[in-house]
Structures are given as C-alpha cells and as structure tokens.
Engineer: 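One structure is given below, represented as structure tokens, and several questions about it will come after.
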Amino acid sequence: MDAQMQQDSQNLQPMQNGEAMSPSPQDSTGPPGDEESQSTVPSAPPLPPDAAPCPRPKLVFHTQLAHGSPTGRIHGFTNVRELYAKIAEVFNISPSEILFCTLNSHKVDMQKLLGGQIGLEDFIFAHVRGETKEVEVIKTEDALGLTITDNGAGYAFIKRIKEGSTIDRIKSVCVGDHIEAINDQSIVGCRHYEVAKMLKEQPRGTPFTLRLVEPKKAFDMIGQRTRAPKSSEGKLSSGKETLRLRTRGSASLEEIPSELEDAAIRKVDDLLESYMGIRDLELATTIVEAGKNKKNPDDFAEALDSVLGDFGFPDVFLFDVWGALGDVKNGRL
C-alpha cells in the first residue's frame with residue numbers, strides 16, 4: 001500500500017524578506033536667510049520592492065495507522081518525538097500509544113522499520129499499542145537470543161529473535177513486542193542498549209518476568225511471528241534525498257548515503273548487534289559520520305566520545321568499527 005509524498009509550495013522554514021528603502025527627501029536651499037529663494041527638489045521615486053523569494057517546499061507525508069485507518073497528512077516535524085506527535089494529532093490519539101513506525105508496509109516488518117531517515121516518497125504506517133502480555137523466562141544460556149532497538153521516544157522493542165534461542169522457544173514472544181517492564185520494573189524511557197544490558201545481567205537459572213505490549217494487529221496480521229533477514233534491513237526507498245531524523249536535534253534534508261557509506265552503516269549495525277545486542281541504523285549512521293576523514297583510531301575514538309560518550313563503547317568494539325570503516329574505504333566489503 002504505497003503512496004507518493006506530496007509537496008506544497010509553502011515554506012519549510014521561515015525565510016527573511018528584504019524590502020528596499022526609499023531615499024529620504026532632500027531639500028536644496030538658497031543663501032542663508034533668503035527663505036523665498038529656497039526651493040525643494042522633488043524626491044526620487046521609490047525603488048520597487050525586491051521580488052519575493054521563491055519559497056522552499058513544505059514536505060508533506062502520508063500516514064495511516066497500521067491496523068487500519070483513513071489516510072492522514074503530516075508535516076512540520078523536526079525530530080522523532082514531533083513525528084509521533086503529528087501522527088497522534090491526525091488520528092486523535094496520544095503519542096504514547098505509538099510503538100514504532102514502518103515505511104511502505106502496514107505489517108510488523110523490521111525490514112521496513114522507520115529509522116533515522118525517511119525517503120521523500122515513503123508512506124508512514126504507525127503501529128499502536130495492542131494487548132499486554134506477561135511471560136516468565138528462565139535463562140538457560142548467557143544470551144537470550146534477542147536483538148533490541150527503540151523508537152527514539154522511550155519505547156524499546158524486539159527487533160530480532162535468534163532461531164533456537166531461549167526466547168525463540170517462548171512462542172508468545174514476537175518481533176515488534178514492546179518491552180514495558182522487567183520483573184515489574186518499568187523500563188519505559190530507557191534506551192535500547194540499557195534494556196539489552198538489563199537482560200544480559202539476568203542470572204542464569206533464575207526465572208524472571210517480561211511484560212510485553214504487542215502492536216495492534218489488523219485481521220491479516222494475526223498469527224504472524226516475523227523474523228527479518230539482515231540483508232535488506234532498513235533499505236531506503238528511491239529518491240535523491242531523504243529526511244534525516246535524529247533522536248536529538250532537528251531533522252535535515254540530506255542526500256541518500258553513497259553505496260560505500262551504506263555498506264559501512266550496515267557493517268557497523270551488525271557490529272552493534274554482536275557487541276551490544278542492539279540494532280540501530282541511526283546510531284550506526286552517526287558512528288560512520290564520526291569516522292569520516294579521521295586519520296587514525298585515536299582521532300576516531302575522540303570524535304565518537306564527543307557525540308556518543310554516554311554509550312561507553314568498549315575498546316574492542318571501536319577497534320573493529322575502525323577496521324570495518326577501513327575495509328569499506330579500501331573496497332574490501
């Protein structure tokens with residue numbers, strides 16, 4: 001169910017208008033004290049006002065609720081939270097109802113997950129809260145087999161379930177489920193890497209509970225248990241530009257990453273899953289951008305710490321990322 005993005009002719013951002021000033025009338029006088037001989041030179045005609053600047057188009061996106069709704073139009077958002085607020089306003093729901101969004105598909109398809117970029121022709125589907133469920137988990141291995149991501153607005157959810165893992169054997173747990181609480185402790189507002197760490201720290205052999213919220217499903221989605229392959233995850237739609245969204249900061253209109261940059265981003269996303277149990281294309285993109293034009297790993301580590309110091313990436317992760325960036329630059333990937 002695809003739809004093309006429409007553009008209005010209104011401004012995306014206010015633009016400054018300049019208006020030419022007419023010169024002040026100037027008087028020419030005769031000799032001092034000879035008032036009758038004074039004459040006034042007519043003022044110069046006012047200059048025509050500058051032509052109005054050409055307005056930049058306002059980006060308008062089409063959106064629906066994934067389980068079914070009329071089509072709405074949204075614009076004017078500058079980050080992920082504002083995007084959710086705009087969608088919520090259109091459908092008269094609370095922004096906290098939205099778990100995540102997919103692009104060009106109403107299904108819980110992690111290949112279509114909205115990450116850090118929206119193609120200018122993408123159709124946005126919002127997945128909202130469905131049923132809440134609670135499951136008991138007994139950790140039999142160090143890893144549960146979960147890959148976690150988050151929606152950029154405080155909700156962490158399951159992006160991948162490893163086949164044959166502890167979680168894979170619990171059939172009520174599905175890709176797309178929002179992890180709302182661990183052992184009745186709310187984790188709403190936690191980033192995905194914090195949730196992944198909490199799950200990793202659960203002791204083996206000791207039961208713990210997960211409170212999960214599944215996305216509301218349409219009739220044709222009931223019974224699905226999606227596992228997305230790695231190959232095409234997060235693939236951008238066609239078009240020369242995309243709207244780049246950020247968890248922090250404002251959106252910007254940018255060129256689609258080159259093939260080399262795209263390869264680097266996907267490699268870094270794989271490393272994030274290997275080391276931290278998370279997948280996040282926006283985070284991977286930020287890491288690749290921090291590594292651009294850096295001459296050595298020390299400069300790269302310093303640049304990364306300045307923008308992502310909260311993550312506390314281990315040195316071995318940074319070393320592997322630097323190696324991956326070098327492989328991409330030298331055409332080895």
Side-chain angles (χ1 to χ4, degrees), residues 61 63-67 74 77-91 93-118 122-132 146-161 173-182 186-199 210-217 221 226 228 233-234 236 242-251 269 272-273 276-286 308 310-311:
F61 295 88
T63 183
Q64 287 183 356
L65 299 180
H67 64 279
I74 57 173
F77 52 90
T78 60
N79 56 49
V80 174
R81 289 182 182 273
E82 289 183 7
L83 166 64
Y84 289 173
K86 292 289 185 180
I87 294 174
E89 183 180 353
V90 167
F91 297 112
I93 60 175
S94 168
S96 63
E97 290 292 301
I98 301 174
L99 298 182
F100 57 87
C101 295
T102 50
L103 301 177
N104 308 315
S105 173
H106 71 288
K107 297 183 179 180
V108 182
D109 185 348
M110 295 297 106
Q111 291 179 266
K112 306 294 184 181
L113 188 66
L114 186 154
Q117 294 179 324
I118 306 176
D122 283 337
F123 197 110
I124 303 171
F125 290 90
H127 298 254
V128 301
R129 294 174 66 95
E131 294 184 6
T132 299
L146 283 179
T147 298
I148 309 297
T149 191
D150 66 43
N151 67 356
Y155 287 172
F157 59 94
I158 299 170
K159 191 169 186 179
R160 193 189 307 281
I161 298 174
V173 180
C174 299
V175 167
D177 286 352
H178 160 48
I179 305 175
E180 187 174 60
I182 300 174
S186 173
I187 58 169
V188 174
C190 294
R191 294 300 310 273
H192 46 11
Y193 60 93
E194 296 173 314
V195 177
K197 183 180 179 183
M198 293 178 199
L199 293 173
L210 292 176
R211 186 163 73 240
L212 306 170
V213 180
E214 63 183 34
K216 192 170 184 178
K217 296 180 176 66
M221 298 160 67
T226 307
E233 191 170 309
L236 296 173
T242 64
L243 187 66
R244 170 84 183 277
L245 297 177
R246 293 173 174 83
T247 303
R248 298 176 182 176
S250 299
D269 198 31
L272 284 170
E273 182 176 31
M276 303 180 69
I278 64 174
R279 292 191 81 87
D280 188 327
L281 286 174
E282 179 196 351
L283 178 59
T285 301
T286 302
L308 295 171
D310 293 345
F311 282 82

Engineer: Which heavy-atom pair separates Gly277 from Ala196 by the least distance, and what is that distance?
Structural biologist: O-CB, 4.2 Å

Engineer: Taking the side chain as everything from C-beta on, heavy atoms only, tell me whether Phe125 gets closer than 4.5 Å to Thr63.
Structural biologist: no

Engineer: May I have the step-by-step check of side-chain contact (heavy atoms from CB on, under 4.5 Å) for Ile158 and Val173, ending in yes or no?
Structural biologist: CA-CA 9 Å; Ile158 299 170; Val173 180; 3.5 Å; yes

Engineer: What is the minimum heavy-atom distance between Pro95 and Ala85, and which atoms define it?
Structural biologist: CG-CA, 4.0 Å

Engineer: Dump the intermediate steps for side-chain contact (heavy atoms from CB on, under 4.5 Å) on Met198 and Cys190, then the final yes or no.
Structural biologist: CA-CA 10 Å; Met198 293 178 199; Cys190 294; 3.8 Å; yes

Engineer: With side-chain contact (heavy atoms from CB on, under 4.5 Å) as the test, would you mind laying out the steps for Met110 and Thr147 before giving the verdict?
Structural biologist: CA-CA 11 Å; Met110 295 297 106; Thr147 298; over 6 Å; no

Engineer: Could you grab the distance from atom CZ of Arg279 to atom CG of Asp269, nearest 0.5 Å is fine?
Structural biologist: 4.0 Å

Engineer: Verify side-chain contact (heavy atoms from CB on, under 4.5 Å) between Arg129 and Leu99, making sure each step is shown before the conclusion.
Structural biologist: CA-CA 6 Å; Arg129 294 174 66 95; Leu99 298 182; 3.7 Å; yes

Engineer: Considering only heavy atoms from C-beta outward, does the side chain of His178 approach that of Val188 to under 4.5 Å?
Structural biologist: yes

Engineer: Heavy-atom distance under 4.5 Å between the side chains of Asp150 and Val195, does that happen here?
Structural biologist: no

Engineer: Less than 4.0 Å between a side-chain N and a carboxylate O, is that true for Lys159 and Glu273?
Structural biologist: no

Engineer: Nearest 0.5 Å, what's the CE-CG distance between Met276 and Leu283?
Structural biologist: 7.5 Å

Engineer: With sequence neighbours left out, what residues match Asp177 under side chain to side chain donor-acceptor pair (under 3.5 Å)?
Structural biologist: Lys133

Engineer: Look up atom OG1 in Thr132 and atom CZ in Arg211, then write down how far apart they are to the nearest 0.5 Å.
Structural biologist: 7.5 Å

Engineer: Does Glu82 have any side chain to side chain contact (heavy atoms under 4.5 Å, CB included) partners at least two apart in sequence or in another chain, and if so, which?
Structural biologist: Phe77, Thr78, Asn79

Engineer: Give, for atom OH of Tyr155 and atom CD of Glu97, the distance between the pair rounded to the nearest 0.5 Å.
Structural biologist: 7.0 Å

Engineer: Does any part of the side chain of Asn151, heavy atoms only, come nearer than 4.5 Å to the side chain of Ile98, both counted from C-beta?
Structural biologist: no

Engineer: Can you tell me how far apart CG (Leu114) and CZ (Phe100) are? Round to the nearest 0.5 Å.
Structural biologist: 11.0 Å

